[in-house]
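See structure below.
On a predicted model such as this, the values are computed, not experimentally measured, just so you know.
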Amino acid sequence: NVEKINSWFEKRFHDIQFNSIATFYDTDHVFEFLKFKLKIPWNKVFLVDDGIASTYKVSMPKLYRRLPKAIYNLFLGRFQVNLSYYSLGSNKKIKNFITIFPDFIHFYNKDSTIIDVLQDYKKLLSELSSNYFKKYKFNSFSGSIITLSPVLKYKRQTPQYVYKYLKNLTSYCDKSKPIYIKPHPRDDKETLIKIINKLEISINIIESQVPLELFFDKIDNSIFIGMPSTSFCIRSILYPNSDDSIIIIKERNDPFPERISVLENIFKAHRINYKILWKY
């Protein structure tokens, strides 16, 4: 809703002059509107890491999904829609990047400016984690940690499938230590709990709404299991000396197969013990 975005902007920033803008997505409609309204040229656009998606060639959304919006906006005289074939680092117009993994970020322009913010990120993550655990009084823990995407909420998988999936994954867990599941914050927790109860194995659910990264300071040497994830990248980069094991579940029809090779490069660079499994 352009009117709402414009009203929000005018109330807060109408008297401020802008000469640059930073975004996580160069195809996000709010970014596109603000870039258009503020007349910001592409050489003054800064792209911030969008996690693992910033490490390989990608188009989000796909170009064919952006075309109808571009035509609609053109006829109504609204803001321009980014029609670069690829987005993020493959957008040829972007030359400024803010990242926590400069050695692995993907970008098209060889003369790009790369701003490394890993140390700032470490400091911020440590502060957020410390404040969070002071409030909720969590203790350190170790074991096997299974991460899940919101497959139940959006009906991408049936409860029966998730049951078989988790049953197989738990076979890779160290049964002498606790097993944890970190559900996606938006997933259907009630259905997931029912599924876990049927597994007939003790599993602890990390029900916190915060990202897994905030728990890293409290996690000792553990097994991380799940789909290709930004959190696995960050764990490897921030804790290269830990005795972790990471098990990646690879989809047979993975829409972004490049994620696997990038993760393997990161694991090898930081000497992380890892394994790649086919999705069940």
Side-chain angles (χ1 to χ4, degrees), residues 9 13 16-63 65-66 70 79-128 211-214 216 227-240 254-270 272:
F9 179 84
F13 307 112
I16 300 176
Q17 293 296 316
F18 293 87
N19 60 11
S20 62
I21 188 171
T23 182
F24 290 98
Y25 278 96
D26 54 314
T27 54
D28 178 79
H29 66 279
V30 177
F31 159 74
E32 290 176 325
F33 169 75
L34 292 176
K35 180 181 179 298
F36 173 79
K37 182 177 179 66
L38 299 171
K39 298 180 174 63
I40 303 291
W42 279 106
N43 64 358
K44 293 294 183 180
V45 171
F46 290 78
L47 190 66
V48 187
D49 278 340
D50 180 46
I52 194 173
S54 294
T55 61
Y56 57 89
K57 188 181 290 187
V58 69
S59 177
M60 296 190 299
K62 297 290 186 182
L63 182 58
R65 293 185 181 278
R66 286 181 264 146
F79 60 89
Q80 296 175 345
V81 172
N82 179 1
L83 291 178
S84 61
Y85 191 80
Y86 292 105
S87 52
L88 300 179
S90 294
N91 182 346
K92 298 177 182 180
K93 297 176 182 178
I94 297 179
K95 292 188 176 183
N96 304 299
F97 298 89
I98 301 171
T99 177
I100 64 171
F101 32 71
D103 294 336
F104 301 99
I105 189 172
H106 168 76
F107 54 92
Y108 178 85
N109 295 296
K110 300 306 177 184
D111 59 340
S112 295
T113 298
I114 310 296
I115 302 173
D116 184 352
V117 293
L118 179 59
Q119 297 308 315
D120 303 274
Y121 178 82
K122 283 181 179 178
K123 182 180 178 182
L124 177 61
L125 191 62
S126 178
E127 291 173 355
L128 290 172
L212 183 61
E213 286 84 342
L214 277 191
F216 282 171
M227 306 296 286
S229 166
T230 298
S231 61
F232 295 157
C233 292
I234 294 173
R235 179 69 180 182
S236 303
I237 292 169
L238 296 187
Y239 299 86
D254 191 344
F256 304 110
E258 299 91 342
R259 296 179 299 178
I260 302 295
S261 58
V262 170
L263 278 169
E264 287 193 280
N265 289 337
I266 293 174
F267 295 156
K268 289 174 181 176
H270 294 87
I272 302 298

*Please state whether the rings of Tyr56 and Phe256 are parallel, tilted or perpendicular, taking 30° and 60° as the class boundaries.*
tilted
_Please report the interatomic distance CG(Leu125) to CD1(Ile100), rounded to the nearest 0.5 Å._
9.0 Å
*Check: Asn43 main-chain N/O paired with Asn96 side-chain donor or acceptor under 3.5 Å*: yes
*Determine whether more than 12 heavy atoms belonging to other residues, nucleotides or ligands lie under 6.0 Å from atom CD of Gln80.*
no
*Test log, rule side chain to side chain contact (heavy atoms under 4.5 Å, CB included), inputs Ile105 and Thr55*: CA-CA 4 Å; Ile105 189 172; Thr55 61; 5.7 Å; no
*When the ring planes of Phe33 and Phe79 are compared, do they come out parallel, tilted or perpendicular, using 30° and 60° as the limits?*
perpendicular
*Would you confirm whether Ser231, through its side chain, and Leu212, through its main-chain N or O, come within 3.5 Å as a donor-acceptor pair?*
no
*Please tell me if the side chains of Tyr108 and Tyr86 come closer than 4.5 Å, counting only heavy atoms from C-beta onward.*
no
*Do Glu127 and Lys123 come close enough that some side-chain heavy atom pair is under 4.5 Å?*
yes
*Looking only at side chains, do Ser59 and Arg66 share a donor and an acceptor under 3.5 Å apart?*
yes
*Run the side chain to side chain contact (heavy atoms under 4.5 Å, CB included) check on Ile21 and Phe46 step by step: do they pass?*
CA-CA 6 Å; Ile21 188 171; Phe46 290 78; over 6 Å; no
*Which atom of Asn19 lies closest to which atom of Ile40, heavy atoms considered*: C-CD1, 3.7 Å
_Closest non-hydrogen atom pair between Asp111 and Lys95, with its separation_ = OD2-NZ, 3.3 Å
_Pairs meeting criterion side chain to side chain donor-acceptor pair (under 3.5 Å) with involvement of residues 23-35, two or more places apart_ = Tyr25-Asp50, Asp26-Asn82, Asp26-Asn91
*Nearest-0.5 Å distance that lies between atom OH in Tyr85 and atom NZ in Lys62*: 8.0 Å
*CD-CG distance between Gln17 and Leu38, expressed to the nearest 0.5 angstrom*: 9.0 Å
_Can you give me the closest heavy-atom contact between Ser236 and Ile266, atom names plus distance?_
CB-CG2, 4.0 Å
*Quick one: which of Val117, Leu118, Leu124 gives a side-chain contact (heavy atoms from CB on, under 4.5 Å) with Asp120?*
Val117
*Derivation of the side chain to side chain contact (heavy atoms under 4.5 Å, CB included) call for Ile94 and Asn109*: CA-CA 8 Å; Ile94 297 179; Asn109 295 296; 5.6 Å; no
_Flag for Ser54-His106: side-chain donor and acceptor within less than 3.5 Å_ = no
*asked:* Side chains of Thr99 and Ile115, heavy atoms from C-beta outward: is any pair under 4.5 Å?
replied: no
*If you take all heavy atoms of Gly89 and Leu47, which pair is closest and at what distance?*
N-CD2, 3.8 Å
*asked:* One pair to check against side chain to side chain contact (heavy atoms under 4.5 Å, CB included): Ile237 and Phe101. What are the steps and the verdict?
replied: CA-CA 8 Å; Ile237 292 169; Phe101 32 71; 3.7 Å; yes
*Is the NZ or CZ atom of Arg235 positioned over Phe232's six-membered ring, under 6.0 angstrom from the centre and within 45° of the axis?*
no
*For Tyr121, does the OH atom sit with more than 12 other heavy atoms under 6.0 Å from it, leaving out its own atoms?*
yes
*How long is the span from the CG atom in Leu238 to the CD atom in Glu213, to the nearest 0.5 Å?*
9.0 Å
*Side chain to side chain, Phe31 and Val45, heavy atoms closer than 4.5 Å*: yes
*Looking at SG of Cys233 and NE2 of His270, how far apart are the two atoms once the value is rounded to the nearest 0.5 Å?*
10.0 Å
*Any idea how Phe107 and Phe97 line up, ring-wise: parallel (<30°), tilted (30 to 60°), or perpendicular (>60°)?*
tilted
*Calculate, to the nearest 0.5 Å, the distance between atoms OG and CG belonging to Ser84 and Leu63 respectively.*
8.0 Å
_Those residues that, when tested against Phe24, pass side chain to side chain contact (heavy atoms under 4.5 Å, CB included) (two or more places apart)_ = Val48
*Would you find more than 12 non-hydrogen atoms of other residues, nucleotides or ligands less than 6.0 Å from Lys37 atom NZ?*
yes
